[in-house]
Visitor: 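Quick one: the structure is below, and I'll ask about it shortly.
Order of appearance sets the numbers: ligands from 1, and atoms from 1 within every ligand. Throughout, numbering of the chain's residues begins at 1 and tracks the sequence.
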Amino acid sequence: MKPKVLAYMRVDDRVIEDLKEDFDVTTFSNEEYLDDPTFTKALQETEGIIGLALQVTKQLLDKAPKLKIVSNVSVGHDNLDLEELTKRNIMATNTPGVLDDTTADAVFGLMLSSARRISELDHHVKSGKWNISLQPDQYGIDVHHKTLGIIGMGSIGQAIAKRANLGFDMNILYHNRTRNKQAEEMYDATYCEKDDLLQQSDFVCLMVPATPETHHMISEREFKLMKPSAIFINGSRGSNVDEMALYHALKNKEIRAAGIDVFQQEPTDPSNPLLSLENIVTTPHIGSSTTECEYNMSKLAAENIKKGLRNEKPPTLLNESVLKNG
Ligand code: DGY
């Protein structure tokens with residue numbers, strides 16, 4: 001009998017077909033799967049789970065006694081209780097690397113769109129307001145030759161630095177838990193303390209994972225440190241930013257604008273006050289969502305699950321200690 005695998009949101013159809021050669025795959029493509037009794041039933045028998053953003057809690061794990069591996073189709077893994085998974089000797093994997101360039105492109109899209117007011121002006125053109133000429137105080141601002149502050153210089157941060165340095169002649173500051181010598185040498189990035197970065201940057205770009213330490217790391221105090229002309233970009237996780245503090249900073253023009261791909265709660269409520277502001281550009285958490293990148297993430301996640309269920313080491317295993325225990 002083939003081992004059972006449960007696939008939920010955002011696993012590419014071609015990858016599901018490929019998995020079916022080795023596994024008995026049950027798919028849940030809608031977001032209501034948590035309330036679906038067949039989902040709970042499938043959990044009882046499954047050895048592997050693959051998908052995006054399932055909250056893997058102690059309670060969920062109690063319902064999945066045969067589980068050997070949880071394969072996230074994302075690099076972020078704040079949806080996983082890693083400690084609990086490790087305690088139960090269950091492998092956890094994510095998809096680093098394959099999304100770096102795609103996510104960096106999306107972050108640049110937000111930077112360009114908020115600096116040059118692209119979505120606002122698109123709206124003007126489409127609603128017949130071409131002739132309402134922009135007043136000088138409504139012009140956008142340049143991105144090139146400005147100072148970009150990147151908080152979180154991991155591999156996505158570094159892909160952003162590459163674009164900024166080689167394509168836009170930007171001056172790059174960064175803050176990270178550890179120094180990134182490669183970014184310093186290849187893209188002329190300068191390490192600095194977080195507060196200095198906030199005070200000196202024209203663009204502040206947040207790229208840190210969501211952890212208890214990074215929760216609301218950008219809040220009222222941090223917005224007050226930024227320049228009134230600063231543009232804030234969040235391409236990481238919504239919980240890293242105090243959304244009400246961002247709202248007030250934008251509303252009171254403490255900063256110029258923001259480009260936001262992620263929200264505290266997703267999907268965000270249409271009544272979220274942030275959405276009523278003109279000086280914010282939003283996208284629905286699509287940093288890594290291109291046709292090519294979604295496929296590559298699914299493929300890597302499938303490779304992880306195949307290896308894991310063959311008792312081999314998955315290529316991007318998060319909790320290596322399960323191998324020692326197993
Ligand atoms: C990631 O890979 O973490 C993306 O943000 C999708 O969740």
Visitor: Does the separation of the ring centres of Phe203 and Phe232 fall below 6.0 angstrom?
Guide: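 Not close enough - the centres of the two rings lie 6.0 Å or further apart.
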Visitor: Suppose we measure from atom 2 (O) of ligand 1 to each protein heavy atom; which comes out shortest, and what is that distance?
Guide: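 Heavy-atom neighbour on the protein nearest atom 2 (O) of ligand 1: Val75 N, 2.7 Å.
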Visitor: Taking Thr103 for its side chain and Leu99 for its backbone only, find out whether a donor-acceptor pair lies under 3.5 Å.
Guide: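 Yes, the answer is positive, given that a donor and an acceptor are paired below the 3.5 Å cut-off.
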Visitor: Could you say whether the N/O atoms of Thr95 and ligand 1 ever approach to under 3.5 Å?
Guide: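 No, since none of the N or O atoms of Thr95 sits under 3.5 Å from an N or O of ligand 1.
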Visitor: Show me which atoms of ligand 1 lie under 4.0 Å from any heavy atom of Arg237.
Guide: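 It comes down to these atoms of ligand 1: 1 (C), 3 (O), 5 (O), 7 (O).
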Visitor: If only atom types and distance count, is the side chain of Arg117 paired as donor or acceptor with the main-chain N or O of Ser113 below 3.5 Å?
Guide: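 Judged by distance alone, no pair lies under 3.5 Å.
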Visitor: Is ligand 1 under 4.0 Å from a heavy atom in the side chain of Ser288, in the backbone, in both, or in neither?
Guide: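 It is the side chain that gets close, since no backbone atom is under 4.0 Å.
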Visitor: Are the side chain of Gln55 and the backbone N or O of Leu80 linked by a donor-acceptor pair below 3.5 Å?
Guide: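 Side chain of Gln55 to backbone of Leu80: no pair is present.
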Visitor: Which ligand 1 atoms does Leu52 reach within 4.0 Å, using its non-hydrogen atoms?
Guide: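 By the 4.0 Å cutoff, the relevant atoms are 7 (O).
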Visitor: For ligand 1, which part of Thr103 has a heavy atom less than 4.0 Å away: the side chain, the backbone, both, or neither?
Guide: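 Neither part.
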Visitor: Of the backbone atoms (N, CA, C, O) and the side-chain heavy atoms from C-beta on, which set of Asn94 has a member under 4.0 Å from an atom of ligand 1: side chain, backbone, both, or neither?
Guide: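 Contact part for Asn94 vs ligand 1: neither.
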Visitor: Tell me if a side-chain donor or acceptor on Asn180 pairs with a main-chain N or O of Ala183 at a distance below 3.5 Å.
Guide: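 Yes.
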Visitor: Are the aromatic ring centres of His285 and Phe263 under 6.0 angstrom apart?
Guide: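 Aromatic pair excluded; centres sit 6.0 Å or further apart.
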Visitor: Just which atoms of ligand 1 are under 4.0 Å from any heavy atom in Leu99?
Guide: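 In order of numbering, the contacting atoms are 2 (O).
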Visitor: Before signing off on this row, confirm whether Gly76 and ligand 1 have an N or O atom pair separated by under 3.5 Å.
Guide: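 Indeed, backbone or side chain, Gly76 has an N or O that close.
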Visitor: What are the atoms of ligand 1, with element, lying closer than 4.0 Å to any heavy atom of Ser74?
Guide: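 The list of qualifying atoms is 1 (C), 2 (O), 3 (O), 6 (C), 7 (O).
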Visitor: Are there more than 12 heavy atoms of other residues, nucleotides or ligands under 6.0 Å from atom CD of Glu278?
Guide: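 Check fails, neighbour count at 12 or below.
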Visitor: Give the residue and atom name of whichever protein heavy atom lies nearest to atom 6 (C) of ligand 1, and the separation in Å to one decimal.
Guide: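 Closest protein heavy atom to atom 6 (C) of ligand 1: His285 NE2, 3.6 Å.
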Visitor: Look up atom CG in Asp24 and atom NZ in Lys4, then write down how far apart they are to the nearest 0.5 Å.
Guide: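 Between atom CG of Asp24 and atom NZ of Lys4 there are 4.0 Å.
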Visitor: May I ask whether His77 places a heavy atom under 4.0 Å from ligand 1?
Guide: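 Contact check His77 vs ligand 1: negative.
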